[in-house]
*Asks:* 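The structure's right below; bear with me while I get my questions together.
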There are 2 protein chains.
Amino acid sequence: MSNVLTMKLEQFTRFSPSERERLDDLSNHPRKSFARGETIIREGTKVHNIHLVVCGLAARSKTLADGTRQTLAFLVPGDLCDVEVFVLQAMDHDIIAVTDTTCALIPTKEMEDLLSEFSSITKALWWSTMTDSAVLRERIVDHGSRDARQHLAHMFCELLIRYRIIGDARDNAIPFPLTQEELAEATGMSPPHINRVLQQLRGEGLIELRGKVLKILDAESLMKVAQFQTGYLHLNRTEARDPEVSGRADDLVPASPKGLVQGVINKVTRVFE
Amino acid sequence: MSNVLTMKLEQFTRFSPSERERLDDLSNHPRKSFARGETIIREGTKVHNIHLVVCGLAARSKTLADGTRQTLAFLVPGDLCDVEVFVLQAMDHDIIAVTDTTCALIPTKEMEDLLSEFSSITKALWWSTMTDSAVLRERIVDHGSRDARQHLAHMFCELLIRYRIIGDARDNAIPFPLTQEELAEATGMSPPHINRVLQQLRGEGLIELRGKVLKILDAESLMKVAQFQTGYLHLNRTEARDPEVSGRADDLVPASPKGLVQGVINKVTRVFE
DNA sequence: CGTCGGATTGAAGATACTCAACATGAGTGG
DNA sequence: CCACTCATGTTGAGTATCTTCAATCCGACG
């Protein structure tokens, strides 16, 4: 099985065989599994191994004094939980397992060696953290400038692309193990409202959400609803550009609604579940 | 004048005289001034100089197809606008000048040399981008889990700390050139509602906002309102810890309401205005 | 077949928006 | 020096979105 981290980073650059080998090796490190709901990393702790999500779904999450929880980001296979470990003294938020999740534990030493040896990998990792920030920024737009329907639509579009990258979005269907309550924690809405908005999206024939699988029935329309622009994901390697999907000509436009991105990614390893 | 960037990075680590000299030099690069409202960097462009805010106030901002603008982050003196330049092909958002703002333009080459020469500076810069992400995450909490009053209070607390770091928060008064409309763009609220919430905060004796200066009258109470925890700013160098301010014992608690942070920072160069 | 987590529905109410009017105040030109 | 103007701040009334708090339903699983 090809490493999901490698697949992700290859959105940024191609690696030489030796680089690729070392990268792939990262997921061969001892793994640790976490049951659904378990805390993978707790706020305030200093971690000594870097956690790479290998399969399952995790989330960054903050708990306020009154018990309210806010989900900050989702971590799909190929995502790193805690690169900040290199410089920060403690995590400022929790990482929790949304479903049963297994992580590869990469010793910081190992990672440091890798970075000092391969500048290409350093750059790719840097790209990864930068796009993570871009995703956070887009989440702020979701919260501040989009209504409930657009917000959910946008989140779905983003997850679709991210699962495509790791080859886990066949027929525009992606793993979606979130309960409506968890969706509420991520979007800042109430569970009943999530429910009603989901029904609306279903009624419009845009999505199908059943049994922990989200199927995007009409990606083009959904992207239109969300005003989804892929530029912020910085998908360099995408050959195809389709002005239809994006509202702006000067924007980077990777994925087409017909699944060209999927075509680009010929590795169709099924990682989830 | 000591470099504001150096002041900021010294929250993370102390530098040797030679490192400090090189860091200070960064703001001696050619500067460029931007009038209020002007676009410093436009979405979609690839920049070749790194912009360091030297004085004024800038903002990261996204404009949607329907013209709605969402402010993503504020950039105070000492903040870098575009470190992503090293790896990303284009900016995915705009940087705009909220007030008249001047930036030092640091050639990427120069920055690369600096980074390869001093690993301490590399680490500090890394710390800076990591805390920028943490600030973004906290903004998501503001939007998703705090009501309007808490949201504004939290933003004010954060700006207070960030201005303290660069020595520009005497008597808990900080530069605040934002119009209520601009505040609305940052918080996702409407201008009238901003107005009413501000009046509420004024009525509670928490703040005074007049003539582009925000004075925090009762920092302790304001932080309580916002449930403000400084941990996410990762202020390593803060000697003082005050359990009063924080709701949690295990959290990192730097700033005290009595201005201990201010005491720590003995450089009181006035940068703004 | 019962149980339990999760989804769904309803009704009442709060928060925040929209739109419009009006006030204020700093600059500006006559 | 005053009047005018424009941007900004303030206020009010009506309304929409979304929340809250239940009750109820469904379906997987023991």
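What's counted below: heavy atoms across the whole structure, side chains too, no hydrogens, waters or symmetry copies. From a predicted model like this one, the values you see are computed outputs, not experimental measurements.
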*Asks:* Please give, in whole Å, the distance from C:dA14 P to B:Arg149 CZ?
*Replies:* 17 Å
*Asks:* Is the distance from OP1 or OP2 of C:dT8 to the nearest side-chain N or O of A:Arg202 less than 4.0 Å?
*Replies:* yes
*Asks:* What nucleotide, of D:dT10, D:dG12, D:dT19, holds the atom closest to the side chain of B:Arg196?
*Replies:* D:dG12
*Asks:* When all nucleic acid strands are considered with a 4.0 Å heavy-atom cut-off, which category describes A:Thr179: base, sugar-phosphate, or nothing?
*Replies:*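 Here A:Thr179 touches the backbone only, sparing every base.
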*Asks:* Report the distance from atom NE2 of B:His193 to atom C1' of C:dA14, rounded to the nearest whole Å.
*Replies:* 10 Å
*Asks:* Strictly below 4.0 Å: does A:Asn195 bring a side-chain N or O up to OP1 or OP2 of C:dT8?
*Replies:*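 Result: yes.
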*Asks:* Heavy atoms only, 4.0 Å cut-off, all strands: where does B:Gly188 land among base, sugar-phosphate and nothing?
*Replies:* sugar-phosphate
*Asks:* When you measure from the side chain of B:His93 to the backbone of B:Met91, do you find a donor-acceptor pair of N or O atoms at a distance under 3.5 Å?
*Replies:* no
*Asks:* Which nucleotide, D:dT11, D:dT20, C:dC17, lies nearest any side-chain atom of A:Pro192?
*Replies:*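 Closest nucleotide among those given: D:dT20.
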*Asks:* Evaluate the side-chain proximity of A:Ile95 to A:Leu75: yes if any heavy-atom separation is below 4.5 Å, no if none is.
*Replies:*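 Side-chain contact under 4.5 Å: yes.
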*Asks:* Classify the nucleic acid contact of A:Arg36 as base, sugar-phosphate or nothing, counting any heavy atom under 4.0 Å across all strands shown.
*Replies:* sugar-phosphate
*Asks:* Expressed as a whole number of angstroms, how long is the span from B:Glu182:CD to D:dG9:P?
*Replies:* 9 Å
*Asks:* Output the rounded distance in Å from CD (A:Glu185) to C1' (D:dC18).
*Replies:*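 These atoms are roughly 17 Å apart.
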*Asks:* Return no unless some side-chain N or O of B:Gln199 is found under 4.0 Å from OP1 or OP2 of D:dT11.
*Replies:* yes
*Asks:* Within this structure, what is the CD-to-P distance between A:Glu208 and C:dA7, rounded to whole angstrom?
*Replies:*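 For the pair A:Glu208 CD and C:dA7 P, the rounded distance is 16 Å.
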*Asks:* I'd like to know if the side chain of B:Asn172 and the backbone of B:Lys215 have a donor-acceptor N/O pair within less than 3.5 Å.
*Replies:* no
*Asks:* Whole angstrom is fine here: how far is it from CD in A:Gln180 over to C1' in D:dC26?
*Replies:* 12 Å
*Asks:* What nucleotide among C:dA16, C:dT9, C:dT18 has an atom nearest to a side-chain atom of B:Ser190?
*Replies:*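 Between C:dA16, C:dT9, C:dT18, the one nearest the side chain of B:Ser190 would be C:dT18.
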*Asks:* Roughly, in whole Å, what's the span from CD in A:Glu181 to P in C:dC4?
*Replies:*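 The distance from CD of A:Glu181 to P of C:dC4 comes to 17 Å, rounded to the nearest Å.
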*Asks:* Under 4.0 angstrom, heavy atoms only, what part of the nucleic acid is B:Pro191 near: base, sugar-phosphate, or nothing?
*Replies:*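 Since no nucleic acid heavy atom lies under 4.0 Å of B:Pro191, the category is nothing.
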*Asks:* Take the angle between the ring planes of B:His143 and A:His143 and call it parallel below 30°, perpendicular above 60°, tilted in between.
*Replies:* tilted
*Asks:* Any N or O donor-acceptor pair linking the side chain of A:Arg210 to the base of D:dG27 at under 3.5 Å?
*Replies:* no
*Asks:* How many Å lie between CG on B:Asp147 and C1' on C:dT15, as a whole number?
*Replies:*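 Going from CG in B:Asp147 over to C1' in C:dT15 covers 9 Å.
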*Asks:* Does atom CZ (A:Arg202) have a neighbourhood of more than 12 heavy atoms from anything else shown, all under 6.0 Å?
*Replies:*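 Enclosed.
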